[in-house]
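Both counts, for ligands and for their atoms, begin at 1 and track the order of listing. We use all heavy atoms of the structure for the numbers below, so side chains are in, but hydrogens, waters and symmetry mates are not.
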Amino acid sequence: MDDIKRMAAEKAVEMVRDGMKVGLGTGSTAYFAIEGIGRLVKEGYRLLAVPTSLASERQARELGIPLATLEETGTLDITIDGADEVNGDLDLIKGLGGALLREKIVAYSTRMQVIVVDDSKLVRELGTKVPLPVEVVRFSHGRTSMYMEDLGCRTELRGGDNPFVTDNGNFIYHLHFERGIRDPYELQSRLKQIPGVVETGLFLKMAEKVVVASLDGVRVMEKG
Ligand code: 5RP
């Protein structure tokens with residue numbers, strides 16, 4: 001599986017040019033992309049990178065990739081990140097790695113968002129293979145989860161009795177939709193109306209390209 005993830009990541013790294021400002025994703029596939037970007041820096045590319053998690057920041061530092069904040073870089077040329085599900089419109093579920101908030105902030109400030117996945121992540125309808133992660137503030141999070149359940153899902157606090165805490169000090173709830181997510185746009189807007197919800201793992205109309213690797217090779221899906 002690692003070979004397949006690396007294939008997807010390497011294809012995306014080919015899109016990085018000297019002088020670019022680059023967003024660094026999070027997760028086991030993005031890990032290989034950061035490795036590739038580190039190699040470009042060693043070859044002499046002048047890149048400036050913004051990481052989407054403390055883990056990616058640590059990896060980038062070890063590889064000597066120059067880091068900056070979004071305030072310093074302005075809009076990024078490219079971000080390479082993973083995803084948990086991808087549908088035919090290139091809409092995504094992200095965040096099972098726990099970094100969805102920073103990932104979405106960075107994606108929003110990126111010209112070309114490139115997603116790297118293996119073909120097991122492709123779905124017809126979002127929410128059919130994985131739950132939707134939602135980052136919520138800790139205060140009254142049980143109450144926030146109750147309002148999320150009113151939208152027709154079952155919620156599960158990530159980590160249970162020992163909750164997972166994000167890089168931003170928040171909790172994550174996983175939302176299980178028995179029959180998938182019919183209308184991700186409607187769901188995104190309704191979730192964002194609930195006080196306590198910080199951000200959701202629905203990345204809608206954000207991906208420019210999705211690099212899909214499988215045993216048969218690599219292909220690139222482009223925004224229609
Ligand atoms: C982290 C993410 C990851 O990109 C997503 O979970 C995919 O990870 P992996 O490449 O390890 O399957 O959204 O918050």
Side-chain angles (χ1 to χ4, degrees), residues 1-13 22-37 49-60 76 78-87 90-110 112-123 126-136 156-159 163-176 181 184 188 191 197-215 218 220-221:
M1 183 54 100
D2 273 2
D3 286 349
I4 291 177
K5 290 180 182 188
R6 191 188 290 275
M7 268 162 56
E10 285 296 336
K11 182 75 183 170
V13 170
V22 183
L24 306 176
T26 296
S28 57
T29 319
Y31 177 91
F32 292 117
I34 298 174
E35 256 189 13
I37 289 164
V50 178
T52 54
S53 63
L54 299 179
S56 296
E57 180 178 338
R58 210 172 307 121
Q59 185 193 1
L76 301 172
I78 184 171
T79 290
I80 304 175
D81 202 350
D84 301 300
E85 276 186 356
V86 179
N87 73 12
L90 306 196
D91 288 334
L92 320 168
I93 284 183
K94 284 183 50 53
L96 287 184
L100 68 92
L101 177 57
R102 293 190 190 197
E103 289 173 335
K104 198 177 269 192
I105 291 171
V106 170
Y108 194 74
S109 281
T110 295
M112 185 166 68
Q113 179 81 5
V114 181
I115 297 299
V116 286
V117 292
D118 64 78
D119 63 345
S120 71
K121 308 281 184 72
L122 300 181
V123 295
L126 295 178
T128 43
K129 282 193 179 175
V130 299
L132 172 66
V134 176
E135 183 155 344
V136 302
E156 183 193 4
L157 179 61
R158 180 171 172 183
F164 173 86
V165 177
T166 69
D167 288 348
N168 320 295
N170 298 313
F171 286 165
I172 299 255
Y173 272 88
H174 286 169
L175 276 50
H176 299 265
I181 299 169
Q188 170 68 9
L191 282 169
V197 168
V198 181
E199 195 45 84
T200 87
L202 285 168
F203 283 55
L204 308 175
K205 291 198 195 317
M206 292 188 115
E208 208 61 43
K209 297 175 193 286
V210 177
V211 181
V212 186
S214 69
L215 287 172
V218 186
V220 181
M221 296 164 67

## Note on the structure
Asn168 meets the side-chain hydrogen bond (donor to acceptor under 3.5 Å, both in side chains) criterion, sequence neighbours left out, with Arg102, Glu135
### Sidechain-backbone polar pair: Lys209 side chain, Val220 backbone, donor-acceptor under 3.5 Å
no
### Query
What is the distance from atom CZ of Phe203 to atom CD1 of Ile93, rounded to the nearest 0.5 Å?
11.0 Å
### Query
Sub-3.5 Å donor-acceptor pair from the side chain of Asp167 to the main-chain atoms of Leu54, do we have one?
yes
### Query
ring pair (Phe, Tyr, Trp, His ring centres under 6.0 Å) with Tyr173: which residues, sequence neighbours excluded?
His141
### Task
Below 4.0 Å from any atom of ligand 1, which residues have a heavy atom? Give them in chain and number order, please.
Thr26, Gly27, Ser28, Thr29, Asp81, Gly82, Ala83, Asp84, Lys94, Gly95, Leu96, Gly97, Gly98, Ala99, Leu100, Glu103, Lys121
Would you mind writing out the side-chain donor-acceptor pairs for residues 103-110 within the sub-3.5 Å range, not counting sequence neighbours?
residue	atom	partner	partner atom	Å
Glu103	OE1	Lys94	NZ	3.1
Glu103	OE2	Lys94	NZ	3.4
Lys104	NZ	Glu199	OE2	2.9
Lys104	NZ	Thr200	O	3.1
Lys104	NZ	Leu202	O	2.6
Thr110	OG1	Thr79	OG1	2.8
Thr110	OG1	Val106	O	2.7

